[in-house]
Amino acid sequence: MSEYANVIPSLFLDFMQMQTFAQAPTVFVAGDGTSLHAADGRSFMDGLSGVFTASLGQGNRAVIDAITRQLERLAFAPPLHGTNPAALELTAALLRVAPAGVAAVKLLSGGSEATEAAMKLARQYQVQAGQPRRYKIIGRYGGYHGATMGALSAGGGRERKSIYEPLGVGFLHVHPPLCYRCPFDQSYPGCGRTCVELIGRTIEAEDPDTVAAVIVEPISISSAGFVVPPPDYLPRLRAICDRLGVVLIFDEIITGFGRLGTMFASEYYGAAPDITCVGKGMSGGYAPLAAILIRDRIARAFYGEDADNVQFHHGHTYGGNPVAAAAGVAVLGELLSRDLVGNARRRGAQLRARLEEMAVRHSMIGDVRGAGLLQGVEFVRDRATRQRFPAAIRPGKVVERAARERGLLLRCGNDFAAFAPPLVVTEDEIDRMVTLLDESIAAAARELAAD
Ligand SMILES: Cc1ncc(COP(=O)(O)O)c(C=O)c1O
């Protein structure tokens, strides 16, 4: 690694204190299947699909061949002058699997681009639907929709946004549906669903004629914790948005493309949004690729004569890039032909059962929750009272470090650990990953007890 030692301090990595990173840098040099290998000889099981992205694992032959063929034919197509067959094939493939009623697609190259585009589309739609005063966007505290200014404004994680404030005008936030720690001190299912009813009341209090859209992640993994809504949350939110004329945006950048054991979370929860944001697993990490999927009612408002000026005034240089699109077509082909969405369901059930069994043995696991291959545990000091560890202890980070030392990559917040392994994961790999987590939690518990 000494060959990189001089340059590492000159790099800005994502959300990383580079001085600390430079003391013990991880440089990934190769990957195969669900494993990643670093320059210093360490290997890791990828319990997180990179970052909810590498759904097919590394080295997928079908995707590599599709990208290579496309590179040899056409690497870049000028987006201001036309499109290309790969982008059209991807659009057709997306329309075949998209949530009910989707009639149009805008291809992009990253998740933040997708959420930004969705919010702009919602605002422009309201103008074109005769509601030009509707500009406000409601997101949730703790939510994460990307790192760009608009996405950050809609997101609600103060750790990542306060330093950049003031952000966009017209962004409001409500509390997320975290039943294990209900922000309203109620308990499901006996509660009045205050978490979702409050969205309706917020829109009414603001004046519905001023609200353009609500944006939510169906399942959210963020500074708010690992937020899995109760089953009727999204259907109720759908009904509220319909009643009040508000566009509903699902940020499915993590949950889309099979993660929950259904192609999209909207299918899992039985509630279709007006705009779906997708990215990450859409290309399996083989190319930067994202999109928004647009329902017919919205899409129609953008189809008109030049003189109507109803086109979507939005674009990016790499939107519809042929190489990225070819990756997307091949990834969808793999998901469907190998029934990887079914595998996510089956392996997800196995993962859930193993985590629940583990929770019996580790008193610091207070809750196990998730859907499909997105499962996690929440850490507590006292399971009976759900009391957290003191904020400075950050048990999730202790577990994360212990897991890394044992060769397992996870997504840990201060108080939780989440698994999102590649959708190609095998039964044996799930067992090995959970065993590593089991050992890591035991080591973390010993460390915390010694403190
Ligand atoms: C739910 C969600 N939305 C949006 C984004 C932003 O995507 P990107 O990092 O590709 O811009 C992320 C990234 O982690 C995400 O998890």
Side-chain angles (χ1 to χ4, degrees), residues 12-16 48-55 106-122 137 139-157 159-161 164 167 171 173 176-177 213-229 234 248-260 264-266 268-269 273 275-293 314 316-319 321 324 327-328 331 370-374 376 409-413 416 418-420:
F12 275 30
L13 269 179
D14 296 3
F15 309 109
M16 188 79 80
L48 187 58
S49 304
V51 55
F52 309 104
T53 300
S55 298
K106 173 113 185 113
L107 296 175
L108 302 157
S109 41
S112 308
E113 281 186 10
T115 53
E116 294 277 353
M119 292 187 285
K120 283 177 67 180
L121 191 88
I137 296 192
R140 295 189 309 206
Y141 292 115
Y144 185 69
H145 301 295
T148 51
M149 292 296 255
L152 211 53
S153 306
E159 307 76 6
R160 288 186 178 173
K161 68 187 271 186
Y164 302 108
L167 290 164
F171 289 88
H173 297 87
V214 170
I215 180 166
V216 296
E217 303 138 276
I219 291 183
S220 156
I221 296 182
S222 63
S223 56
F226 183 26
V227 180
V228 182
L234 294 174
L248 179 57
I249 303 170
F250 281 2
D251 176 347
E252 290 227 33
I253 286 157
I254 289 179
T255 54
F257 292 95
R259 174 60 51 199
L260 306 189
F264 295 100
S266 47
Y268 184 89
Y269 284 107
I275 307 172
T276 305
C277 306
V278 289
K280 292 193 186 278
M282 181 181 182
S283 73
Y286 285 83
L289 181 64
I292 54 172
L293 313 178
H314 187 93
H316 293 282
T317 302
Y318 287 108
N321 174 270
V331 167
L373 267 181
L374 184 56
L409 298 180
L410 289 171
R411 166 79 168 89
C412 293
F416 69 87
F419 264 111

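Since the structure is predicted, the reported quantities are computational estimates derived from the model, not experimental observations. All ligand and atom numbering here is 1-based and tracks the order in the structure.
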Worksheet item: How does Tyr144 reach ligand 1, if at all, at less than 4.0 Å between non-hydrogen atoms: by side chain, backbone, both, or neither?
Response: both

Item to complete: Look only at interatomic distance and state if Asp251 has a nitrogen or oxygen under 3.5 Å from any nitrogen or oxygen of ligand 1.
Response: yes

Worksheet item: Considering residues, nucleotides and ligands other than Phe12, do more than 12 of their heavy atoms fall under 6.0 Å from its CZ?
Response: no

Worksheet item: Counting from 1, what ligand 1 atoms have a heavy atom of Glu217 closer than 4.0 Å?
Response: 1 (C)

Worksheet item: Would you say the side-chain atoms of Glu252 and Thr276 include a donor-acceptor pair closer than 3.5 Å?
Response: no

Worksheet item: Can you check whether Pro273 reaches Ser266 side chain to side chain, under 4.5 Å on heavy atoms?
Response: yes

Worksheet item: Does even one non-hydrogen atom of Lys280 get within less than 4.0 Å of ligand 1?
Response: yes

Practice prompt. Step by step, work out the side chain to side chain donor-acceptor pair (under 3.5 Å) result for Arg259 and Ser49.
Written response: CA-CA 10 Å; Arg259 174 60 51 199; Ser49 304; 2.9 Å; yes

Worksheet item: Side chain or backbone of His145 under 4.0 Å from ligand 1, or both, or neither, by non-hydrogen atoms?
Response: backbone

Discussion item. So if I count the atoms of ligand 1 from 1 in the order they appear, which ones are less than 4.0 Å from some heavy atom of Ile254?
Written reply: 16 (O)

Worksheet item: Among protein heavy atoms, which sits nearest to atom 9 (O) of ligand 1, and what does the distance come to when rounded to 0.1 Å?
Response: Ser112 OG, 4.4 Å

Fill in: Closest heavy-atom pair and its distance - Ala291, Met282
CB-CE, 3.7 Å

Worksheet item: Which residue supplies the protein heavy atom nearest to atom 10 (O) of ligand 1, what is that atom called, and how far is it?
Response: Gly111 N, 2.8 Å

Fill in: OH/Tyr318: more than 12 non-hydrogen atoms of other groups inside 6.0 Å
no

